[in-house]
Amino acid sequence: MNILLATSEAVPFSKTGGLADVCGALPGQLAQLGHSPAVILPAYRQSWCCGQPIEELGIDFIVPIGSKTVTGHLLQSTMPGTDVPVYLVKQDQYYDRDGLYQADGKDYIDNCERFVFFSRAVLEAIRLLDLNVDLLHVNDWQTGLVPAYLKIEYRGIPRYENIASLLTIHNLAYQGQFWHWDMLLTGLDWKYFNWHQMEFHGYLNLLKTGLVFADSINTVSPRYAQEIQSPTLGCGLEGTLQQRRDVLSGILNGMDPSHWNPAGDPHLAADYDVDSYREGKAACKAALQEAVGLPQRPEVPVVGLIGRLCQQKGIELVVEVMKQWAPNRDVQWVVLGTGDAEYHKKLEDLVERYPQKVAVRLEFSGPLAHQIEAGADMFLMPSRYEPCGLNQMYSLAYGTVPVVRATGGLADTIVDAREETLVAGTANGFSFGEYSNLALAETLDRACQAYQDKEVWNQLVTTGMRQDWSWNRSARQYLALYARTIERMKQAAHV
Ligand code: ADP
């Protein structure tokens, strides 16, 4: 199968979040399974530091953007360690900037124009590079226009006629919503600006456009695929998603074992696997405590948290429980993240008041993330919503027991330790349903009690470490979905 993955970010060329991890890992897995993927993405300023050689192809193209035309160039590279081609769309006025989508916390005002250009470039690149594409896999709002152009402007052109499209939603909360006059930039007829297609409460909505025009839609976990059809997590698009529920499914993201494997992790004080985790984790815990300035006490449970410090991740609950527990509970907390200033301040206050118990690093640090995954005993993810989540999978692999709110991918990966699940041997962590301080505190309390019971804890750790959350499994599911999508498109063409 020939798959073209169009994305606004992919590791190692560019990254702001989980989207980049997925688009960086999936193509290599598809290639290993005998298929022919290629990736296309913008050439940002940060792409030049990716460590991969990037070559000029000498191919220029011109596309219409509103009433003007804009020129772009195609560059080529490969995904590290593979032959998977990566095409980069160079247009320095749009992409040669410090940030991918924003500067100083403010979105670029021409984001719509930047991704109209990229979406048109994706379709032109197919012709210019002479690519045979069976399936065009687009991701999030930045490429939401691609399925629309494919169905409207490229319909009837032989090379494009049999291309099926799949849109993956990585986070429904980011929709690419712009004022209605940006419709002119798309070059599409105003007749599509209606509430069944591209319009959302008077605005142009690029994610909705993709949801309407793609042949199939998926999200990054089965539970999130269900949740986004309800008003609570549907972000206003639940109606559109309900209408398309027959073609909507969920596939969990995978973990990249070449980056996340405690048996060969260059960032750790000691390597370990499921048979040697006791000694290995003890060494990593002591190294972590030392690195972040906490007392080196092997017996005290260390609770870790890594991530964007924002509302989605439930940081408000964490801060409240830390405040309640820090004065009298013997627990150490290690937090790594960046995000809202309000949480930065609250966490810094806690460090000041309880330096023996709370360590906070307000930065982005890959090595420290690995050290926390290995050195902590428990890992906290009390998210309001979580399309998939990767850290809980890393935690399972590193023998660090996840404590999570049962939402989205967290609900699909973590089995709460209860009598029945312990007996069945399926328990691998702790989870709660209600989004409240009380529910988090109760669940963390259950986890701390279990931590004192060596047998139960050993069972939880080893169950998690033996599970396989690698990309291989997810890639097979994507291939099955691609095949279904192509079949569906063929059938629709014959009606
Ligand atoms: P999201 O994509 O919603 O931010 P995910 O759990 O899917 O959350 O993925 C986030 C990724 O970014 C994980 O690999 C996580 O370890 C990493 N990450 C987030 N914040 C930091 C940080 N401050 N330092 C290092 N890694 C981080």
Side-chain angles (χ1 to χ4, degrees), residues 7-12 14-26 100-101 139-142 168-174 219-221 223-224 227-228 233 235 250-262 265 267-268 288 291-292 304-315 318 334-340 343-344 347-348 359-376 379-398 400 402-405 407-414 429 469-471 474:
T7 175
S8 62
E9 43 186 286
V11 166
S14 44
K15 172 167 176 170
T16 66
L19 166 65
D21 292 328
V22 177
C23 295
L26 178 59
L100 262 52
Y101 315 120
N139 295 274
D140 279 348
W141 69 265
Q142 293 90 341
T168 300
I169 306 165
H170 297 261
N171 190 335
L172 190 69
Y174 301 94
T219 69
V220 289
S221 69
R223 177 68 74 101
Y224 192 57
E227 289 172 341
I228 56 176
L233 291 183
C235 303
I251 298 177
L252 274 172
N253 288 334
M255 225 183 57
D256 182 351
S258 65
H259 283 111
W260 293 96
N261 175 9
D265 186 329
H267 303 299
L268 304 189
L288 174 66
V292 298
L305 186 151
I306 304 164
R308 292 181 290 117
L309 303 176
C310 63
Q311 239 208 0
Q312 179 201 333
K313 301 289 178 183
I315 306 301
V318 178
V334 182
V335 177
L336 168 66
T338 56
D340 299 351
Y343 299 130
H344 285 204
L347 288 165
E348 278 171 334
V360 174
R361 293 288 180 273
L362 300 174
E363 58 179 319
F364 195 97
S365 163
L368 186 55
H370 285 249
Q371 286 149 16
I372 294 174
E373 287 291 5
F379 194 91
L380 212 49
M381 292 182 80
S383 305
R384 259 177 202 280
Y385 71 94
E386 194 63 71
C388 176
L390 291 169
N391 278 314
Q392 82 278 18
M393 298 188 203
Y394 304 154
S395 301
L396 291 170
Y398 279 62
T400 303
V403 178
V404 308
R405 178 154 177 270
T407 179
L410 297 172
D412 286 331
T413 47
I414 303 305
W469 300 104
S470 68
W471 262 109
S474 313

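Note that this is a predicted model, so its numbers are computed, not measured. First listed ligand is number 1; within each ligand, the first listed atom is number 1. For reference, positions follow the sequence shown, starting with 1.
Which parts of ligand 1 touch G337 is read off a 4.0 Å heavy-atom cut-off, strictly below it: atoms 23 (N). Listed by number with element, the atoms of ligand 1 under 4.0 angstrom from any heavy atom of G18 are 2 (O).
When all heavy atoms are compared, the tightest approach of L252 to S474 is O-OG, 2.9 Å. The heavy-atom pair separating M381 from L410 by the smallest distance is O-CD1, 3.5 Å.
Between Y398 and H370, the angle of the ring planes goes over 60°, which puts this pair in the perpendicular group of the 30/60° scheme.
Protein heavy atom closest to atom 24 (N) of ligand 1, with residue, atom name and distance, is S365 N, 3.0 Å. Protein heavy atom in closest approach to atom 11 (C) of ligand 1: D21 OD2, 4.2 Å.
Looking only at atom types and distance, the side chain of T16 has a donor-acceptor partner in the side chain of E9 under 3.5 Å away.
The proximity of E363 to ligand 1, defined as any non-hydrogen pair under 4.0 Å, is limited to the backbone.
Checking F364, Y394, Y385 against atom 21 (C) of ligand 1, the nearest heavy atom belongs to F364. Nearest to atom 9 (O) of ligand 1 by heavy-atom distance, out of V220, L390, L362, is L390. Heavy-atom proximity to atom 15 (C) of ligand 1, evaluated over N391, I372, L368, L336, is greatest for N391.
For ligand 1, none of its N or O atoms has an N or O atom of T338 under 3.5 Å away.
Contact between R361 and ligand 1 is absent, with no heavy atom of the residue lying under 4.0 Å from the ligand. Residue-ligand proximity: G307 is placed with a non-hydrogen atom under 4.0 Å from ligand 1. Using a non-hydrogen distance threshold of 4.0 Å, E373 does not register as a contact of ligand 1.
Between the side chain of T400 and the backbone N or O of A376 there is at least one donor-acceptor pair closer than 3.5 Å.
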